[in-house]
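Owing to the predicted nature of the structure, the values given are computational and were not obtained by experimental measurement.
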Amino acid sequence: MAAIVRFLSFNSSLLSTSSNPLHQTQLPCKNNTPKRLSSDFILNSRFGINPRKQSLQFKIQATITETEQPKWWEKNAGPNMIDIHSTHEFLKALSEAGDKLVIVEFYGTWCASCRALFPKLCKTAQEHPEILFLKVNFDENKPMCKNLNVKVLPYFHFYRGADGQLESFSCSLAKFQKIKDAIETHNTDRCSIGPNKGVGDVTLETVSAAKAKPSESQSS
């Protein structure tokens with residue numbers, strides 16, 4: 001949140017009639033006896049303030065401008081970290097990854113463990129630009145997550161070319177070493193022979209069928 005505060009300014013010369021802030025001005029009276037006016041009286045008169053008030057109050061006008069910051073799950077570590085919003089995007093990203101190691105994180109915006117782990121995952125993505133990181137929002141992709149047997153969050157899948165899915169496990173910040181170990185194991189130089197396996201049996205058709213089941217049961 002960025003705050004911009006604008007203060008009403010006033011001319012300091014109006015606050016004093018001389019260099020001495022306690023300067024008193026003499027005015028002639030009818031009986032030729034000079035009358036002394038205090039600086040408080042002069043100040044109150046010039047600013048239209050009731051001279052009976054002992055204290056002078058200045059109004060400060062503050063304008064606060066709020067700038068929206070991205071949510072924690074909306075932040076990306078770089079071009080090798082991609083948000084997945086549909087099964088089509090998921091399958092396309094896997095097919096276009098080639099021989100790259102692909103790490104898929106399944107997360108929930110409400111998941112405290114996901115939030116705690118996320119900054120370290122971003123740092124890992126920056127340290128490994130050769131790896132593709134996919135972020136899948138569980139709530140936006142429940143049918144797909146069900147087909148991929150995602151039951152706890154955060155959950156991770158590792159994919160690579162013709163080898164398909166290499167490994168899957170749940171992980172927390174305290175056990176982040178599991179991700180590092182899996183990267184060391186699977187992120188080796190290799191050339192796959194054959195087409196990418198991707199997610200294997202999970203296709204757009206199976207996910208669509210899973211979506212249609214609830215409506216069919218309701219109609220019956």
Would you please name every residue forming a side-chain contact (heavy atoms from CB on, under 4.5 Å) with Ser170, sequence neighbours left out? Val152, Tyr155

Under the rule for ring pair (Phe, Tyr, Trp, His ring centres under 6.0 Å), what residues qualify as partners of Phe138, not counting sequence neighbours? none

Atom of Leu153, atom of Cys111 and distance for their closest heavy-atom approach: O-SG, 4.0 Å

Quick one: does Glu184's side chain have a donor or acceptor within less than 3.5 Å of a partner on Lys180's backbone? no

Under the side-chain contact (heavy atoms from CB on, under 4.5 Å) criterion, do Leu132 and Ile82 qualify, and how do the steps go? CA-CA 8 Å; Leu132 179 62; Ile82 301 174; 3.6 Å; yes

Could you go through the side-chain contact (heavy atoms from CB on, under 4.5 Å) check for Leu148 and Phe90 one step at a time? CA-CA 12 Å; Leu148 293 173; Phe90 180 61; 3.9 Å; yes

Of all heavy-atom pairs linking Glu74 and Pro70, the shortest is OE1-CA, 3.5 Å

Between Tyr159 and Leu166, is the side-chain contact (heavy atoms from CB on, under 4.5 Å) condition met? List the steps. CA-CA 5 Å; Tyr159 297 91; Leu166 304 171; 6.0 Å; no

Could you list all the side chain to side chain donor-acceptor pair (under 3.5 Å) pairs where at least one residue sits in residues 101-125, not counting sequence neighbours? Trp110-Asp139

Value rounded to 0.5 Å, distance of OG1 in Thr87 from CG in Asn147: 8.0 Å

Is there a side-chain contact (heavy atoms from CB on, under 4.5 Å) between Lys146 and Val150 once you walk through the steps? CA-CA 6 Å; Lys146 182 179 179 181; Val150 177; over 6 Å; no

Please list, chain by chain and in numerical order, all residues satisfying side-chain contact (heavy atoms from CB on, under 4.5 Å) with Ala77, sequence neighbours excluded. Met81, Cys122, Ala125, Gln126

Counterpart residues, side-chain contact (heavy atoms from CB on, under 4.5 Å), relative to Lys151 (two or more places apart): Asn149

With a 4.5 Å heavy-atom cut-off, do Val104 and Val136 have their side chains touching? yes

Applying side-chain contact (heavy atoms from CB on, under 4.5 Å), name anything that partners Glu167, two or more places apart in sequence or on another chain. Phe158, Phe169, Ala182, His186

Could you pull out the closest heavy-atom pair between Ala97 and Val102, with the gap in Å? CB-CG2, 3.5 Å

Spatial distance of atom CG (Asp189) from atom CG (Asp99) [nearest 0.5 Å]: 10.5 Å

Working to the nearest 0.5 Å, report the span between CZ of Phe156 and CG of Leu121. 5.0 Å

Tell me, please, which residues at least two apart from Phe118 pass ring pair (Phe, Tyr, Trp, His ring centres under 6.0 Å). Trp72

Can you establish whether the number of heavy atoms outside Lys142 located under 6.0 Å from its atom NZ is more than 12? no

Aromatic ring centroids of His157 and Phe106 under 6.0 Å? yes

Heavy atoms, side chains only, cut-off 4.5 Å: are Ile131 and Ile183 in contact? yes

Only pairs at least two apart or in different chains count here, so list each salt bridge (charged side-chain N to carboxylate O under 4.0 Å, His left out) that has a residue in residues 128-137. Asp83-Lys135

Under 3.5 Å, side chain of Glu140 to main-chain N/O of Asn137, donor-acceptor pair present? no

